[in-house]
There are 2 protein chains.
Amino acid sequence: MARWTPDARSRLAKAALALYIERGFEQTTVAEIAGRAGLTERTFFRHFADKREVLFGGSAVLEAGLVAAVAEVPDGSPLEMMVAALETAGSFFVDDRRAWAGQRQGVIEANTSLMERELIKLRALGGALTGALVRRGVPESAAALATQVGLVVFWQAFGRWCRADHPADWGVTVRQVHAEVRAVVGAAPD
Amino acid sequence: MARWTPDARSRLAKAALALYIERGFEQTTVAEIAGRAGLTERTFFRHFADKREVLFGGSAVLEAGLVAAVAEVPDGSPLEMMVAALETAGSFFVDDRRAWAGQRQGVIEANTSLMERELIKLRALGGALTGALVRRGVPESAAALATQVGLVVFWQAFGRWCRADHPADWGVTVRQVHAEVRAVVGAAPD
């Protein structure tokens, strides 16, 4: 009978990240991750498809949260709605998560196969957010463009927020990057 | 002694794309691609690292061309320079290439592992273009943001240009998408 394993997912993710930092992603086996977490390989594969996926346990939660936020934000231009939705992710990107996120990002950026997974998740997020904007009545083409620009804001904001010395919280960072994107494209300040 | 193999790269790429369409990417082996091109597996691996890479033979050419273009375009805002550089890729995205590009894109979008390679190439292109803008004197952070917005223009323009029924050439498509991005972000029309 399987052991009761409260919070197995986050234990596996923490063990994996620690091992990837200590030994490198390529050199770490699933058996070692499971061992470090005090769990079996079988339990690992009940939760994650592979050694990459264990670092992306939060993606589905983030995507579901952002899609729900797009459904609920006040009416505005497609990009304004997208940015307002991104700001709500401050309940996901809490300060307690910053150190983990920064270490995780360092590991991902050092490994092409992890970066590939990251980028494909970002692409899937884009598809989901475009769908959410379309359901708000935005035409497909404008929704796709607003989402892509929104993802630029998201990705830049995330890169800054991850840094240990970044002084601002998530919502402030998103608004700041949005203002910079407006400036880059030549829009007047808000 | 190796046979003389003029244009082996493009023969391999054409054979690979044909087989990926006929049988699917997963089901096709390197031996089959080489056979279809009338070449050996050994020749394949002299030109391409793997079965994915054979569809990305143009990436390095495109990247080098765009980096050179950023170095040469007239002074302007970082995004204006980036868009001007993108427009010059009309000598790469010629009408003769459209049918190949559209078929290739269909195969890539149907296969996660090919899409991962595509996205990682796009990321590398972004890094190279940011560097090129920095060498034009643009501060790093503005260069990164202008590049990311530029890649949104590039990617959307490419998606439209690939479609067999798209009526406009590359340069016109880039300018059109740039105008739409300006509108999405709330900038006044040019």
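In what follows, chains are A, B, ... by sequence order, proteins preceding strands, each numbered from 1.
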What about [X] and [Y], same hydrophobic cluster or not, with Ile/Leu/Val/Met/Phe/Trp/Tyr joined at side-chain heavy-atom distances under 4.5 Å?
X      : Y      : answer
B/L129 : B/L119 : no
A/L125 : A/I108 : no
B/W161 : B/V61  : yes
B/L122 : B/V54  : no

**Report entry** CZ on B/R123 to CD on A/E118, rounded to 0.5 Å
**Finding:**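 Result: 8.5 Å between the selected atoms.
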
Query raised in the report: Can you tell me if CD on B/E109 sees more than 12 non-hydrogen neighbours from other groups inside 6.0 Å?
Result: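 Correct, the count exceeds 12.
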
Are there residues of [range] whose heavy atoms fall under 4.5 Å of chain A's heavy atoms? If so, which?
range                       : result
residues 146-154 of chain B : B/A146, B/Q148, B/V149, B/V152
residues 165-183 of chain B : B/V177, B/E180, B/V181, B/R182
residues 79-101 of chain B  : B/L79

Requested in this report: Check B/S141 against A/R160 and note the closest heavy-atom contact, atom names and distance.
Outcome: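 Taking B/S141 first and A/R160 second, the nearest heavy atoms are OG-NH2, 3.8 Å.
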
Query - Which atom of B/V184 lies closest to which atom of A/A142, heavy atoms considered - result: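 Result for this residue pair: CG2-O, 4.4 Å.
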
Query raised in the report: A/S113 versus chain B, heavy atoms under 4.5 Å apart: side chain, backbone, both or neither?
Result: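 It is neither, since no heavy atom gets under 4.5 Å.
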
Requested in this report: Could you give me the CA-CA distance, side-chain angles and deciding distance for B/M115 and A/I120, then say whether side-chain contact (heavy atoms from CB on, under 4.5 Å) is met?
Outcome: CA-CA 7 Å; B/M115 183 48 81; A/I120 210 99; 3.5 Å; yes

Query raised in the report: Residues in salt bridge (Lys or Arg N to Asp or Glu O under 4.0 Å) with A/E53, at least two apart?
Result: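 Applying salt bridge (Lys or Arg N to Asp or Glu O under 4.0 Å) to A/E53 gives A/R117, A/K121.
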
